[in-house]
J.: 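Here's a structure for you.
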2 protein chains.
Amino acid sequence: MVTIADVARHAGVATSTVSYVLSGKRTISPDTRERVQRSVRALGYRPNASARALASQRSNVLALVIPLRTGMHVPVMMQFATAVVTTARRFDHDVLLLTADEGPDGLERVVQSSLVDALVVMDVELHDERVPVLRELPMPSVLIGYPEEADGLTCVDLDFVAAGALCVDHLADLGHRSLALLGTPSAVYERQTGFAQRTLTGFAEAAVRRGVLGVETPCEHTFDAILHTVEQLLRDHPDLTGLVVQNEPIIGPLLDVLRRLGRRVPEDMSLVAICADDVAERQVPQLSSVTIPAERIGEQAVESLITKLAGGSVPDLALLPPALTARGSSAPHADRTTA
Amino acid sequence: MVTIADVARHAGVATSTVSYVLSGKRTISPDTRERVQRSVRALGYRPNASARALASQRSNVLALVIPLRTGMHVPVMMQFATAVVTTARRFDHDVLLLTADEGPDGLERVVQSSLVDALVVMDVELHDERVPVLRELPMPSVLIGYPEEADGLTCVDLDFVAAGALCVDHLADLGHRSLALLGTPSAVYERQTGFAQRTLTGFAEAAVRRGVLGVETPCEHTFDAILHTVEQLLRDHPDLTGLVVQNEPIIGPLLDVLRRLGRRVPEDMSLVAICADDVAERQVPQLSSVTIPAERIGEQAVESLITKLAGGSVPDLALLPPALTARGSSAPHADRTTA
DNA sequence: ATGAAAGCGCTAACAA
DNA sequence: TTGTTAGCGCTTTCAT
């Protein structure tokens with residue numbers, strides 16, 4: 001292993017000079033800088049991460065806590081994760097992967113052992129037991145999602161309230177007057193995961209604002225559950241022409257169910273999904289959808305963290321605006337009076 | 001921050017004694033051990049990871065290199081990843097997440113800076129540029145998947161050859177004589193990803209061995225591509241009654257296509273998928289399938305790594321046996337002579 | 001069975 | 001502008 005001392009010797013300078021050339025923390029004459037850099041390259045020197053961390057009290061590692069549960073959409077999580085890693089690397093940091101099943105103890109462990117400098121915590125629930133821990137931690141953290149009590153915490157998320165409202169507005173603009181939200185399985189609501197709740201809120205508020213009917217129902221992932229839920233919905237609301245879906249696994253089967261029930265999309269039923277773009281584009285017809293900007297959220301989370309580590313201040317809550325892409329699954333309301 | 005010196009002082013012993021109590025690397029009198037442990041708890045002591053790593057030359061961190069590409073099935077990757085983290089924790093290790101886009105340099109970086117002790121590399125291709133690097137690295141590594149030139153490397157994977165053969169045997173046992181493999185998009189084959197190639201090999205060999213017709217075709221993810229591929233297949237092989245699918249995203253649309261073409265599953269066409277269980281169970285009818293034992297693979301990879309770190313030896317290649325679960329999508333061949 | 005002390009490789013005062 | 005050196009907190013020889 002080649003050490004900083006080897007480099008210093010090779011370049012004929014002190015170790016501190018090498019250190020300062022590398023960190024840029026003090027001015028170095030162009031001449032020595034050049035000599036040192038040449039030696040670094042010649043010897044293939046890489047600073048030892050542990051030694052650096054021990055001396056500087058900075059590991060340059062961020063913790064990423066990912067959930068390990070059902071109901072979450074996995075590809076989106078993966079997008080978060082890769083965005084977090086990619087962005088972290090952009091700021092010369094690495095990412096330690098933690099699963100949520102270690103719970104609050106896991107956070108304390110990596111923090112107190114100085115393994116990491118900061119934390120990104122995904123899939124935060126409304127009443128998350130990790131939240132009080134995070135608040136007391138002597139270390140910056142950013143939550144993806146947000147809890148009921150978010151004081152003193154930094155949160156980043158899609159503005160799901162706006163997303164729910166955006167779907168209603170889109171359908172209302174097309175002339176639909178009777179809408180339903182097909183949500184995540186009830187277990188997700190019971191866990192009080194923020195995003196599901198908030199979409200529902202936005203959906204309901206917008207329906208009132210637009211003066212349209214807006215009913216909501218959770219939906220399990222099995223085909224039978226979907227069939228039953230939709231049948232029930234159509235029975236209770238025969239004039240239903242607009243459907244909002246926030247539940248990726250059911251999208252395919254749902255299209256099947258509608259076909260089977262003789263409802264054509266979009267002629268008889270307009271559909272808007274809140275899901276990843278690739279999923280929306282894979283369907284027949286392609287789905288109008290609100291994208292979850294996973295990359296942007298992950299990037300934003302890390303940027304906030306880096307700013308905090310540098311002593312800067314960031315907004316407590318960054319809600320990223322949703323964007324709706326209209327595709328083939330939503331169309332103007334077919335006026336029955338002319339039919 | 002509580003240091004080992006604080007604990008030593010509190011317990012009235014030398015720091016080395018505390019260290020040895022914690023590591024168990026020398027015999028300690030029950031009395032002192034007890035006193036030290038009490039002090040550790042009383043002060044809430046956690047060893048500093050950097051200091052420990054610097055002194056012991058062991059970071060207790062494994063690198064997990066995940067791919068960042070299309071064509072791979074994301075939920076399965078996620079299962080790998082969580083299994084790797086969970087198993088690593090079982091052995092008191094943490095996991096550093098690297099994306100494949102850093103390439104060979106990324107590996108060298110984390111290795112040479114002593115950030116990690118060992119590497120798990122996912123989605124290894126037949127001719128992977130990271131393979132020569134891994135072979136030269138002064139550090140144990142385990143590949144998930146395996147390359148053409150695997151000498152001196154440790155690989156863990158599902159036995160895809162056996163998986164392909166298992167599907168053929170299952171269908172042949174049911175009396176089907178004309179089978180087709182609907183594979184991954186041709187891009188995946190061109191990248192020469194091992195698993196796709198190997199499934200094909202097993203499929204073809206088993207077809208010959210069983211004396212049945214076995215044709216193979218890649219398949220893109222779009223609905224039109226699937227429709228076209230299946231139509232072509234049925235045109236070329238009118239007596240086709242058995243389909244093997246190794247391409248998760250197309251499973252749903254494929255069922256649609258078959259329905260649309262008037263082929264009932266399993267009455268007219270038996271279907272076996274190589275995919276995650278939850279995907280198979282979500283379909284109508286539920287799919288007979290060969291599961292990718294992602295958890296087991298991740299676990300096995302880490303176990304091998306830990307063994308290697310301890311100086312033990314492990315098999316060069318661990319091929320995990322596939323298991324087929326028969327569900328509703330495969331049935332005995334309907335003999336046309338009696339129809 | 002325990003202690004004393006020399007590093008591990010680096011950073012950042014402090015000096016010059 | 002550069003060098004000297006004292007730690008950072010721990011592990012592990014070497015002593016006892």
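Order of the sequence lines sets the chain letters (A, B, ...), proteins ahead of strands, with each chain counted from 1. This is a predicted model, so every value here is computed, not measured. Every heavy atom of this structure was used, including side-chain atoms; hydrogens, water molecules and symmetry mates were not.
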J.: Using a distance-only test with no angle check, is there a side-chain donor-acceptor pair under 3.5 angstrom linking Arg33(A) and Gln37(A)?
T.: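 No, no side-chain donor-acceptor contact under 3.5 Å.
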J.: Please identify each residue that fulfils side-chain hydrogen bond (donor to acceptor under 3.5 Å, both in side chains) with Asp31(B), with sequence neighbours left out.
T.: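 For Asp31(B), the residues satisfying side-chain hydrogen bond (donor to acceptor under 3.5 Å, both in side chains) (neighbours in sequence not counted) are Arg35(B).
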J.: Please list residues of residues 4-17 of chain A whose heavy atoms come under 4.0 Å from any atom in DNA chain D, ordered by number; otherwise none.
T.: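 Gly12(A), Val13(A), Ala14(A), Thr15(A), Ser16(A), Thr17(A), in order of number.
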J.: Determine, for Arg89(A) against Asp101(B), whether the closest basic-nitrogen to carboxylate-oxygen distance falls under 4.0 angstrom.
T.: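 Here Arg89(A) does not pair with Asp101(B) in a salt bridge, since their nearest N and O are not under 4.0 Å apart.
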J.: Taking for each residue the nucleotide of DNA chain D bearing the nearest heavy atom, is the 5' side occupied by Arg46(B) or by Arg26(B)?
T.: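 Checking each residue's closest nucleotide, the 5'-ward one belongs to Arg46(B).
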J.: Any side-chain N or O of Tyr20(A) less than 4.0 Å from the OP1 or OP2 oxygen of dC10(C)?
T.: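 No, because none of the side-chain N or O atoms of Tyr20(A) sits under 4.0 Å from OP1 or OP2 of dC10(C).
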J.: Do the side-chain N or O atoms of Ser19(B) get closer than 4.0 angstrom to the phosphate oxygens (OP1, OP2) of dC10(D)?
T.: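 For dC10(D), neither OP1 nor OP2 has a side-chain N or O of Ser19(B) closer than 4.0 Å.
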J.: Can any side-chain N or O of Asp105(B) pair as donor or acceptor with the backbone N or O of Glu102(B) at less than 3.5 Å?
T.: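 Pair absent, no side-chain N/O of Asp105(B) close to backbone of Glu102(B).
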J.: Could you state the atom-to-atom distance from CZ of Arg52(A) to C1' of dC8(C) in whole Å?
T.: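 These atoms are roughly 16 Å apart.
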J.: When Val156(A) is tested against each of Val314(A), Val302(A), Val142(A) for side chain to side chain contact (heavy atoms under 4.5 Å, CB included), which residue passes?
T.: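 So the option named by the test is Val142(A).
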J.: Select base, sugar-phosphate, or nothing to describe what Ser29(B) touches, counting heavy atoms under 4.0 Å on all strands.
T.: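 Sugar-phosphate only.
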J.: Would one find a side-chain N or O of Ser56(B) under 4.0 angstrom from OP1 or OP2 of dC10(D)?
T.: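 No, because none of the side-chain N or O atoms of Ser56(B) sits under 4.0 Å from OP1 or OP2 of dC10(D).
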J.: Between Ser29(B) and Thr32(B), do the side chains contain an N or O donor and an N or O acceptor separated by less than 3.5 Å?
T.: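 Distance-only check passes for Ser29(B) and Thr32(B).
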J.: Arg33(B) has an atom CZ; how far is it from atom P of dA1(C), in whole Å?
T.: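 Checked: the CZ to P distance equals 9 Å.
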J.: Mapping Val18(A) and Ile28(B) to their closest nucleotides on DNA chain C, which lands nearer the 5' end?
T.: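 Looking at the nearest nucleotide for each, Ile28(B) comes out on the 5' side.
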J.: Check every strand shown and say whether Ser23(B) touches a base, only sugar-phosphate, or nothing at a heavy-atom separation below 4.0 Å.
T.: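 No contact.
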J.: Reckon Lys25(A) has a side-chain N or O less than 4.0 Å from the OP1 or OP2 of dA12(C)?
T.: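 Answer is yes, contact under 4.0 Å.
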J.: Indicate whether the side chain of Ser59(B) and that of Asp117(B) have a donor and an acceptor atom separated by less than 3.5 Å.
T.: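 Looking only at side-chain atoms, Asp117(B) and Ser59(B) do form a donor-acceptor pair, the distance falling under 3.5 Å.
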J.: Please confirm whether the shortest side-chain N or O distance from Thr32(B) to OP1 or OP2 of dT2(C) is below 4.0 Å.
T.: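 Answer yes for this pair, as a side-chain N or O of Thr32(B) is under 4.0 Å from OP1 or OP2.
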J.: Can you check whether Ser114(A) has a side-chain N or O nearer than 4.0 Å to OP1 or OP2 of dG9(D)?
T.: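 Answer no for this pair, as no side-chain N or O of Ser114(A) is under 4.0 Å from OP1 or OP2.
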